[in-house]
Amino acid sequence: MLILQQLISGLMIGGIYVMVAVAFTLTIGMLNFLNFTIPALFMLSGMVAWGLTTVGVHWALALLGGVATATFASLIVERFTYRYMRVRYGDATEHALPLVSSLGFLIIFEHLVLVILGSDPQRFPTPFTSADFHLGKLIIGIPQLVSLVLALAIVWGLSIMLKRTRVGRALRSIAENPDAATLMGVSVNYIVPIVFVITGLMAGIAGMLFTLNYADINAYMGDNVAAKAIAGMVIGGLGNIWGAIAGGLIVGLTEVMAIHFFGADIVKIPIWGLLLLILLVRPSGLFGHTAIGKGKF
Amino acid sequence: MLLEADDLNVRYGRNHAVRHVSLSVDEGEIVTVLGANGAGKSSLLKALQGTAGATADALRFRGQDISSRSAQKRVRSGLVMVPEGRQIFVSLTVHDNLLMGAYCRRDSDVAKDIEGVYERFPNLAQRRTMPASVLSGGEQQMLAISRALLARPVLMMLDEPSLGLSPILVNQLFELIVALNRDGLSILLVEQNTHKALQTASRGYVLELGRVVAEGTPDQLRAGEKLEAAYLGAG
Ligand SMILES: Nc1ncnc2c1ncn2[C@@H]1O[C@H](COP(=O)(O)OP(=O)(O)OP(=O)(O)O)[C@@H](O)[C@H]1O
Ligand SMILES: [Mg+2]
């Protein structure tokens, strides 16, 4: 019974890793770009929301404000990493520079939050701390359950959007061949920011769900989650949405099980051990294609 | 005149790839541009499409100045290119490739037009849900042309469409070009297959190192020595 309980919490934290992993995998699949600002977007959502509640904003509005800030920050990153490189050097994806500048943005955002909101860990005034329901002996937190369902629903919606809609086709065609997409009349400079809006929304909503459910937040809250999301993404297969889903859930489960059996100190070893093992036996990840890079959707 | 370019230039840094080219295509015409590798044929088409930076004294399409229009706007106004090497989206399905061709269209005839493509090319119809990477070279060229047709072009520019096709497929390709032209499509055709291109076109230009060194009817071009020299000289 205790194991089953652990399974449930593993899936729930896994749902958050899934969203962050999808944010990573989308920019890699579309733009061949490992966007290091994603942890900061995750953190901004939570910390800005908390900051807003301290000045008297209603918690729900504060959460929305957090997600909006993350999305806006993501667009700033697009403007000054990806688009800048593209305009200057023709093709941003061939350069490591966007990666380095996105790392710069990560550090700047984290330190801005440190300076403005302080370094103490904070507690978001969660409105539903004790909303559990009991299934036999199992305790299921309703907010966590809602979060898991919401996370999976959003990712599912995203994959449908990519597959079926006009914008989705335009995104996939840019991912494969931006020059040919231009010949179809797609404005690359208009469509690429959509990837960053999606990234900001995914990381921001994940940050919001984390803040609501796990309450303990600080300026570096994104780093740990993002590291696990990256592990999940690689385990599932780079640049593949279904891989990110499977990988995120696997990492969540591994984490909770490791804590259960071996204690909290050791938790990173099984996760990264699993990652290295999978890279050894199946370098493309569980669901990945053999080639890594552009054109995966 | 449907398309008119006057003193068109393309420069890549110090490389002056297209030099003072003046060219025109009339409604209903098939015009061909010939020249050796590196003569500047693709650069010329890209300049007309708006995907390569160019300067020109005048660039008019359907009577309007398009020199400051983006490539997207030129596509919308009916100037559509089938690029060198086909450039179909191999990770998209055949059907999605065709839908991408109609990306700029807002009308409700797209589905009907796609059915028309499938009637014309049963091979594409059979593979509509498969990724375009499974197509043979000939089928890929048919898809590239069909994709361009779905944009409802007034003038279609084709960049070396016969490259890599077997002689039978080359014949079919040129038959298709003639058929499309008979249905009212104007065509600007870049080719290395001089023989076939001159058989099909009503006028032609010969490019050498970025310059137009000869122009005229197929008979005039065949009679002059510039055509051969262009290939021997720079090839
Ligand atoms: N993007 C580019 N950057 C720099 N130089 C270029 C670029 N594209 C073409 N060139 C140069 O411009 C010149 C003309 O090239 P272009 O591709 O237009 O020739 P082409 O006639 O189409 O040749 P081919 O028959 O081989 O396709 C060449 O010297 C080429 O090296
Ligand atoms: Mg060429």
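Lettering follows sequence order; numbering is per chain, from 1.
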Residue pair Ala170(A) / Tyr103(B): nearest heavy atoms and the distance that separates them:
CB-CE1, 3.6 Å

Just do the side chain to side chain contact (heavy atoms under 4.5 Å, CB included) check on Leu99(B) and Arg169(A) with the steps written out, would you?
CA-CA 8 Å; Leu99(B) 284 172; Arg169(A) 275 191 298 275; 3.4 Å; yes

Heavy atoms of other groups near Arg164(A) CZ, more than 12 under 6.0 Å:
no

Given a strict heavy-atom distance threshold of 4.5 Å, which part of Leu150(B) is in contact with chain A: side chain, backbone, both, or neither?
neither

Using 0.5 Å steps for rounding, measure from the OG atom of Ser187(A) to the NZ atom of Lys73(B).
9.0 Å

Smallest separation among heavy atoms of Thr182(A) and Ala71(B), with atom names:
CG2-CB, 4.0 Å

Trp156(A) atom CH2, neighbour heavy-atom count above 12 within 6.0 Å
no

Any chance CZ of Phe72(A) has more than 12 other-residue heavy atoms, nucleotides or ligands included, within less than 6.0 Å?
no

In terms of heavy-atom pairs under 4.5 Å, which option from Thr51(B), Val90(B), Val80(B) contacts chain A the most?
Val90(B)

What part of Gln49(B) gets within 4.5 angstrom of chain A, counting heavy atoms only: side chain, backbone, both, or neither?
side chain

What part of Arg147(B) lies closer than 4.5 angstrom to a heavy atom of chain A: side chain, backbone, both or neither?
side chain

Taking all non-hydrogen atoms of both residues, which atom of Leu92(B) and which atom of Glu176(A) are closest, and how far apart?
N-OE1, 4.1 Å

Work out which heavy atom in Met184(A) is nearest to a heavy atom in Cys104(B); give both atom names and the distance.
O-SG, 3.6 Å

Atom of Gln72(B), atom of Val186(A) and distance for their closest heavy-atom approach:
NE2-O, 2.9 Å

